[in-house]
Amino acid sequence: MSKIARRKFIQLSAVAAAGVLVQPGREARAEDMPQLSEDDPMASGMKYTHDASTVDPASRANPAADQTCANCALIQGEDGAAWRPCQIFPGKLVNASGWCQVWAPKA
Ligand code: SF4
């Protein structure tokens, strides 16, 4: 590897490492994301609601007694937060008491 190529490699590695170090800050800003609207086309397509208690248990694909976003495997963010990121709706926050038809049990 030439000196120039080595220098470039080291510079790119430093930039990549800095990007990794910035990630925690990005996650903290997730709390500033907008709340998912029930009227959002993707949300309504997934039958998302802010209040899981309004969903008829018989209409659920997984007939668990109590399914909410807070106990879904796809929820992200901090336990206890009222609004949290979800893998299904990137860039938006879902209500911890909500539900959608993609609900999946935590492992
Ligand atoms: Fe809630 Fe899970 Fe649906 Fe996301 S995938 S909206 S956390 S039930």
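As the structure lists them, so they are numbered: ligands from 1, and atoms in each ligand from 1. Residue numbers count from 1 along this sequence. Note that these values count all heavy atoms, side chains included, but never hydrogens, waters or copies made by symmetry. All of these numbers come straight from a predicted model, not from anything done at the bench.
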Worksheet item: In the protein, which heavy atom is nearest to atom 8 (S) of ligand 1, and how far is it?
Response: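 The protein heavy atom lying closest is Cys100 N, 3.4 Å.
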Leu74 neighbourhood, listing ligand 1 atoms whose heavy-atom distance to it stays under 4.0 Å:
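What qualifies from ligand 1 is 5 (S).
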Practice task
Find all atoms of ligand 1 within a distance of less than 4.0 Å from any non-hydrogen atom belonging to Ile88, and give their numbers and elements.
Solution key: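 In order of number, 5 (S).
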Note to self: Is the shortest side-chain heavy-atom distance between Val55 and Lys47 below 4.5 Å?
What the structure shows: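 Of all side-chain heavy-atom pairs linking Lys47 with Val55, none is under 4.5 Å.
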Checklist entry - Any donor-acceptor pair under 3.5 Å linking the side chain of Trp83 with the backbone of Ala96? => result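 It does not hold such a pair.
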*asked:* Here's a test for you: under side-chain contact (heavy atoms from CB on, under 4.5 Å), which of Leu74, Asn71, Thr68 qualifies with Trp103?
replied: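 Checked Leu74, Asn71, Thr68 against Trp103; only one passes side-chain contact (heavy atoms from CB on, under 4.5 Å): Asn71.
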Answer yes or no as to whether an N/O/S atom of Cys72 is found below 2.8 Å from atom 2 (Fe) of ligand 1.
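Looking at Cys72, which is the residue asked about, there is an N, O or S atom under 2.8 Å from atom 2 (Fe) of ligand 1.
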*Side chains of Asp51 and Thr49: donor-acceptor distance under 3.5 Å anywhere?*
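Side chains of Asp51 and Thr49: no pair found under 3.5 Å.
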Flag for Ser44-Glu38: side-chain donor and acceptor within less than 3.5 Å: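 No, no side-chain donor-acceptor pair sits under 3.5 Å.
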Closest candidate by heavy atom, reference atom 1 (Fe) of ligand 1, pool Cys69, Ala96, Ala43, Ala73: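 Nearest option to atom 1 (Fe) of ligand 1, by heavy atoms: Cys69.
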If you take the nearest heavy atom of each of Cys86, Ser97, Gly98, which one is closest to atom 4 (Fe) of ligand 1?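 Nearest option to atom 4 (Fe) of ligand 1, by heavy atoms: Cys86.
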